[in-house]
2 protein chains.
Amino acid sequence: MQDNFKEILKERGLKVTSQRVLVLDILSQAVGEHLTAEEIYNKVKSKNPDIGLATVYRTIQLLSELKLVDKIVLNDGCIRYEIAGDEANSGHHHHHLICVECGKLTSFSEDLLENLECAIMEKKDFLVLNHEVKLYGYCSECREKHAN
Amino acid sequence: MQDNFKEILKERGLKVTSQRVLVLDILSQAVGEHLTAEEIYNKVKSKNPDIGLATVYRTIQLLSELKLVDKIVLNDGCIRYEIAGDEANSGHHHHHLICVECGKLTSFSEDLLENLECAIMEKKDFLVLNHEVKLYGYCSECREKHAN
DNA sequence: GTCTTTGCAAATGATTTGCAATATA
DNA sequence: TATATTGCAAATCATTTGCAAAGAC
């Protein structure tokens, strides 16, 4: 992953800096955690206290443009990031379950809407490139709490 | 619609003010336009120049809580509002097509994911209350421009 | 008359930007 | 050495909030 990243940077004439490597590293180690920019900053600072918040923001944006991380914008406007999986290469993102009680965010990937995309093309004359599905509801833990 | 609104306000002990009525009115007249807070403010100001931006924000938030308007958070973090249709009452929102070239936002409603919700319950032990689908691609106008 | 709402201006919070100093290639 | 990147502090942008004045019931 890191070697891949270094090559991508070089191809674009961008420099491999310790800050960029560290941010990608933190995100790679946080699979399934869906961190906010601030959370990434805090984790990064615990390994390199001299890093600036602006650098973290710039790096996240860069990684997002390079499709190495996915940006998830929740309904309440909160923005979270996660390392991109292999599905990213297929051109179809994975989807999310969001618990309306505890806020827990879970990913799942499944090509849900193949048929829909054809139907939309016919009905709406709109060519779908990508789709994004968010399901809001109650996770198992919160349902258990309710049962008690 | 307005009579309905006035009753809902009274039921909750809230007051019917000219500002609240005007904001709902503007949104009712902008079906399919998906306005930003700023755009709503400008339309509102052209009818009542004395209204404050904060009041517009407060009213949008109120209307959103009352489920009279839908809040749409785009991938880029941009937030838009539209008057809620009848689907809102069913507990299932409608969905959106977003053109990646011109940014045009179109709604469509169709119960796409009935089966999925059962599958998610079994596989992920997650009870889905509501779902939200965004399809990104090219609208017909932008595809025509490309063809030329 | 009481309690809510408004408009304004100031506060907030997240993100971005300008720039001199520093690190990479 | 030349160019890209960094850290910092200041700027920005959308949204929220405190409060005295005005409005609704």
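Chain A is the first sequence line, chain B the second, and so forth, proteins listed ahead of strands; every chain is numbered from 1.
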Chemist: State whether the side chain of S64(A) and the backbone N or O of I60(A) hold a donor-acceptor pair below 3.5 Å, judged by distance alone.
Modeler: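 Checking the backbone N and O of I60(A) against the side chain of S64(A), no donor-acceptor pair under 3.5 Å is found.
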Chemist: Expressed as a whole number of angstroms, how long is the span from E38(A):CD to dT16(C):P?
Modeler: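 Taking CD of E38(A) and P of dT16(C), I get 13 Å after rounding.
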Chemist: Take atom CG of D50(A) and atom C1' of dA9(D), then tell me their distance rounded to the nearest Å.
Modeler: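 Roughly 17 Å, once rounded to whole Å.
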Chemist: Between Q29(A) and D25(A), is any side-chain donor less than 3.5 angstrom from a side-chain acceptor?
Modeler: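 Indeed, the side chains of Q29(A) and D25(A) share at least one donor-acceptor pair under 3.5 Å.
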Chemist: Is the shortest distance from a Lys or Arg side-chain nitrogen in K45(A) or D50(A) to a carboxylate oxygen in the other one below 4.0 Å?
Modeler: no
Chemist: Do the two ring centres, one from Y138(B) and one from H146(B), sit under 6.0 Å apart?
Modeler: yes
Chemist: Protein within reach of the bases, or only the backbone? For nucleotides 16-25 of chain D, mark each nucleotide 5' to 3' as B, S or -, using heavy atoms under 4.0 Å.
Modeler: BBB----BBS
Chemist: Rounded to whole angstrom units, what separation is found between the CD1 atom of I79(B) and the P atom of dA14(C)?
Modeler: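 Roughly 14 Å, once rounded to whole Å.
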Chemist: Check the distance between dT6(C)'s C1' and L9(B)'s CG and give it to me in whole angstrom.
Modeler: 15 Å
Chemist: Assuming nearest nucleotide by heavy-atom distance, tell me which of N48(B) and G13(B) is located more 5' along DNA chain C.
Modeler: G13(B)
Chemist: Under 3.5 Å, is there a donor-acceptor pair linking the side chains of T106(B) and H34(B)?
Modeler: no
Chemist: Salt bridge or not for K104(B) and E141(B), using N-O below 4.0 Å?
Modeler: yes
Chemist: Once you round it to whole Å, what is the distance between P of dT5(D) and CG of L63(A)?
Modeler: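 In whole Å, dT5(D) P and L63(A) CG are 13 Å from each other.
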Chemist: Parallel, tilted or perpendicular: which one describes the rings of H95(B) and H131(B), with boundaries at 30° and 60°?
Modeler: parallel
Chemist: Verify whether one side chain among E132(A) and H96(B) offers a donor that lies under 3.5 Å from an acceptor in the other.
Modeler: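 Distance-only check fails for E132(A) and H96(B).
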Chemist: Using a 4.0 Å heavy-atom cut-off, does Q19(A) contact any base of the nucleic acid, only the sugar-phosphate backbone, or nothing at all?
Modeler: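 Answer is sugar-phosphate: Q19(A) comes under 4.0 Å of backbone atoms only.
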Chemist: Between the axis at one end of the helix from dG1(C)-dC25(D) to dA25(C)-dT1(D) and the axis at the other (five pairs apiece), what's the angle to 10 degrees?
Modeler: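 Nearest ten degrees gives 30° for this helix.
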Chemist: In whole Å, what is the span from the OH atom of Y41(B) to the P atom of dA14(D)?
Modeler: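 Atom OH in Y41(B) sits about 13 Å away from atom P in dA14(D).
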Chemist: For L35(A) and dA14(C), what is the distance between atoms CG and P respectively, to the nearest whole Å?
Modeler: 15 Å
Chemist: Less than 4.0 angstrom from a charged side-chain N to a carboxylate O is my criterion; do R80(A) and E33(A) meet it?
Modeler: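 So R80(A) does not pair with E33(A) through a salt bridge.
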